[in-house]
Amino acid sequence: MPLSVRLKPTDSIVILTGAGISKESGIDTFRCADGIWARYDLDDVATPQGFRRNPSLVHQFYNDRRRGLFDPAVQPNAAHLALAELERSWRGKVLLVTQNIDDLHERAGSRTLLHMHGELLKAFCQHCRTVQPCTHDLSVDDHCLSCGRKGGMRPDIVWFGEMPYHMERIQTALADADLFLSIGTSGHVYPAAGFVAQAASAGAHTVELNLEPSEGVSYFDQAVHGPATEVVPAFVR
Ligand code: BV8
């Protein structure tokens, strides 16, 4: 049943995506059997403490993943493209919130997009606190493009224990949502994993589109399980 049958044309839609939507584009997830946390200790590479302990390890972790974005085989897939088409064709508001740090939603054409965990293609200077584009390998020897000082550059990524970006805008959108779609996320990491309960309490219809039931599946009104490139285009058409 097309989305337009479920909703009024002016209804608001909030979409949350996680690593699963990029899996079929060749980007690793975190908690699948062959995922990133099977190869790296989260505390070493995705916390401020880990960065202070060994910045070179963390830079290498993100440099490898940033380089992966430039692999010609890594392209937006049918799920990314279907969400960009929905944003273009839907008359109501559509807000796409992603936990992902890749740029596949942008490359698919999505515009109203918030990266709540930051972006691989940006760097942050701890001295002058500016965010700047980053397409190259970062290291402890880098100088900031803004203040010129050395040794303060880090990936512009939200690590565990750090406040995610755009939370106020996300909370406002969840309070106003008529439909909340959660795509390709295990529902393990907060505050993102709590969005479904917030949307539901505001009266939204909540749907999970995921390869398999997530940790939060019981919070959803509806769940469709299968590969994102199949279930997402079928649901949003
Ligand atoms: C914070 C860095 C507070 C970027 C990441 C309760 C409330 C608030 C906080 C907490 C809380 N309980 C615990 C916490 C602390 C913590 C947390 O949640 N810990 C977890 C381990 C329990 N949260 C935080 O620290 C957050 N910060 O709360 O700050 C605060 C308040 C005031 C002041 C200061 C601070 C910060 C969280 C962000 C951490 N950064 N990563 C990076 O390196 O990428 S999180 C990491 O997990 C990634 O960002 C990733 O996006 C995120 C979520 O993972 P998923 O995207 O869901 O990926 P996963 O592999 O888990 O699942 C993939 C899914 O896809 C699977 O279900 C699979 O079945 C499916 N799939 C696979 N293939 C396909 C598919 N689906 C469809 N098609 C396919 N083909």
Side-chain angles (χ1 to χ4, degrees), residues 15-51 57-66 68-69 76-80 82-83 96-105 114-124 138 154-168 170-171 181-198 207-217 219-220 223-236:
I15 303 164
L16 172 70
T17 62
I21 199 170
S22 296
K23 173 81 171 176
E24 292 162 272
S25 293
I27 293 188
D28 283 340
T29 60
F30 292 86
R31 296 168 186 88
C32 298
D34 59 345
I36 291 172
W37 297 148
R39 303 196 301 275
Y40 286 91
D41 182 334
L42 171 161
D43 292 323
D44 291 341
V45 293
T47 64
Q49 298 80 0
F51 186 64
L57 171 66
V58 176
H59 279 311
Q60 175 257 315
F61 175 65
Y62 286 101
N63 289 343
D64 290 349
R65 293 170 67 191
R66 187 179 303 104
L69 295 184
N77 62 49
H80 297 105
L83 296 185
L96 176 53
V97 180
T98 187
Q99 299 173 92
N100 299 341
I101 60 176
D102 63 56
D103 63 339
L104 294 179
H105 281 305
L114 299 176
H115 282 272
M116 65 180 291
H117 290 167
E119 297 175 64
L120 265 177
L121 297 178
K122 289 184 179 166
F124 176 76
L138 272 181
R154 60 168 273 186
D156 187 35
I157 300 292
V158 177
W159 287 325
F160 288 96
E162 296 184 325
M163 176 59 91
Y165 284 133
H166 311 299
M167 287 305 293
E168 202 171 313
I170 295 168
Q171 307 292 356
L181 270 184
S182 176
I183 302 172
T185 181
S186 60
H188 184 73
V189 173
Y190 287 83
F195 290 170
V196 55
Q198 288 175 257
V207 183
E208 167 175 286
L209 304 178
N210 203 54
L211 187 64
E212 61 204 353
S214 74
E215 293 178 27
V217 68
Y219 289 101
F220 289 88
V224 181
H225 295 130
T229 54
E230 292 173 19
V231 299
V232 175
F235 189 86
V236 300

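Numbering of ligands and ligand atoms starts at 1, following listing order. Remember, it's a predicted structure, so these values are computed and weren't measured experimentally. Numbers here are sequence positions counted from 1.
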If the contact criterion is a heavy-atom separation under 4.0 Å, does [X] count as touching ligand 1?
| X | value |
| --- | --- |
| Gly161 | yes |
| Pro227 | yes |
| Gly184 | yes |
| Tyr62 | yes |

(request) Return yes when atom OH of Tyr219 has more than 12 non-hydrogen atoms of other residues, nucleotides or ligands closer than 6.0 Å, and no otherwise. (result)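 No, the 6.0 Å shell around OH holds no more than 12 heavy atoms from other groups.
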Closest protein heavy atom (residue, atom, distance) for [atom]:
| atom | result |
| --- | --- |
| atom 24 (C) of ligand 1 | Tyr190 O, 3.6 Å |
| atom 31 (C) of ligand 1 | Met163 CE, 3.7 Å |
| atom 76 (N) of ligand 1 | Leu211 N, 3.1 Å |
| atom 74 (C) of ligand 1 | Gly20 O, 3.6 Å |
| atom 53 (C) of ligand 1 | Gln99 OE1, 3.3 Å |
| atom 16 (C) of ligand 1 | Phe160 CD2, 3.8 Å |
| atom 4 (C) of ligand 1 | Ile157 CG2, 3.3 Å |
| atom 56 (O) of ligand 1 | Ala19 N, 2.8 Å |

Just which atoms of ligand 1 are under 4.0 Å from any heavy atom in [X]?
| X | result |
| --- | --- |
| Trp159 | 36 (C), 39 (C) |
| Ala228 | 77 (C), 78 (N), 79 (C) |
| Gly18 | 56 (O) |

(request) With heavy atoms under 4.0 Å as the rule, classify the contact between Ser186 and ligand 1 as side chain, backbone, both or neither. (result)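 Answer for Ser186: both.
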(request) Please work out whether any backbone atom (N, CA, C, O) or any side-chain heavy atom from C-beta onward of Thr29 is under 4.0 Å from ligand 1, and answer side chain, backbone, both or neither. (result)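 Answer for Thr29: both.
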(message) Rounded at 0.5 Å granularity, tell me how far OG1 in Thr229 sits from CD in Glu24.
(response)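 With rounding to 0.5 Å, OG1 (Thr229) is 3.5 Å from CD (Glu24).
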(request) Considering only NZ, NE, NH1 and NH2 on the basic side and carboxylate oxygens on the acidic side, decide whether Arg154 and Glu162 come within less than 4.0 Å. (result)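 Salt bridge flag = yes for Glu162 with Arg154.
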(request) Apply side chain to side chain donor-acceptor pair (under 3.5 Å) to the pair Thr17 and Gln99, showing each step before the final yes or no. (result) CA-CA 6 Å; Thr17 62; Gln99 299 173 92; over 6 Å; no
What is the minimum heavy-atom distance between [X] and [Y], and which atoms define it?
| X | Y | result |
| --- | --- | --- |
| Met116 | Pro191 | CE-CG, 4.4 Å |
| Asn77 | Ile21 | ND2-O, 2.8 Å |
| Leu96 | His105 | CD2-ND1, 3.5 Å |
| Asp156 | Phe124 | OD1-CB, 3.9 Å |

Selected option - heavy-atom contact closest to [atom], from [options]:
| atom | options | value |
| --- | --- | --- |
| atom 37 (C) of ligand 1 | Thr229, Val217, Val189 | Val189 |
| atom 69 (O) of ligand 1 | Lys23, Glu24, Glu212 | Glu212 |
| atom 41 (N) of ligand 1 | Ile27, Val158, Asn210 | Val158 |
| atom 47 (O) of ligand 1 | His188, Arg65, Glu162, Arg31 | Arg31 |
| atom 55 (P) of ligand 1 | Val232, Val231, Thr185, Ile101 | Thr185 |
| atom 38 (C) of ligand 1 | His117, Glu208, Glu215 | His117 |

(request) Would you check if Leu114 and Tyr165 make a side-chain contact, meaning some heavy-atom pair closer than 4.5 Å? (result)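 Of all side-chain heavy-atom pairs linking Tyr165 with Leu114, none is under 4.5 Å.
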(message) Please tell me if atom 34 (C) of ligand 1 is touched by the protein, where touching means a protein heavy-atom distance below 4.0 Å.
(response)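 Under the 4.0 Å cut-off, atom 34 (C) of ligand 1 does have protein heavy-atom neighbours.
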(request) Verify the contact flag for atom 79 (C) of ligand 1, where contact means a protein heavy atom under 4.0 Å away. (result)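 Within 4.0 Å of atom 79 (C) of ligand 1, protein heavy atoms are found.
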(message) Could you check whether any side-chain N or O of Ser25 sits under 3.5 Å from a backbone N or O of Ile27, counting only pairs where one atom can act as donor and the other as acceptor?
(response)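 Pair absent, no side-chain N/O of Ser25 close to backbone of Ile27.
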(message) Restricting to side chain to side chain donor-acceptor pair (under 3.5 Å), what partner residues turn up for Asp28, sequence neighbours left out?
(response)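 For Asp28, the residues satisfying side chain to side chain donor-acceptor pair (under 3.5 Å) (neighbours in sequence not counted) are Arg39.
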(message) Walk me through whether Asp102 and Arg66 qualify under salt bridge (Lys or Arg N to Asp or Glu O under 4.0 Å).
(response) CA-CA 8 Å; Asp102 63 56; Arg66 187 179 303 104; over 6 Å; no
(message) Below 30° counts as parallel, above 60° as perpendicular, anything between as tilted: where do the rings of His59 and Phe51 land?
(response)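 Judged by the thresholds at 30° and 60°, the geometry between His59 and Phe51 is perpendicular.
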(request) Determine whether the side chains of His188 and Glu215 contain a donor N or O and an acceptor N or O closer than 3.5 Å. (result)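 Their side chains do contain a donor-acceptor pair, which is all the 3.5 Å distance test asks for.
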(message) Checking Tyr40 now: which residues fulfil ring-ring contact (aromatic ring centres under 6.0 Å, His included) with it, not counting sequence neighbours?
(response)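 Per chain and number, Tyr40 pairs via ring-ring contact (aromatic ring centres under 6.0 Å, His included) with Phe61.
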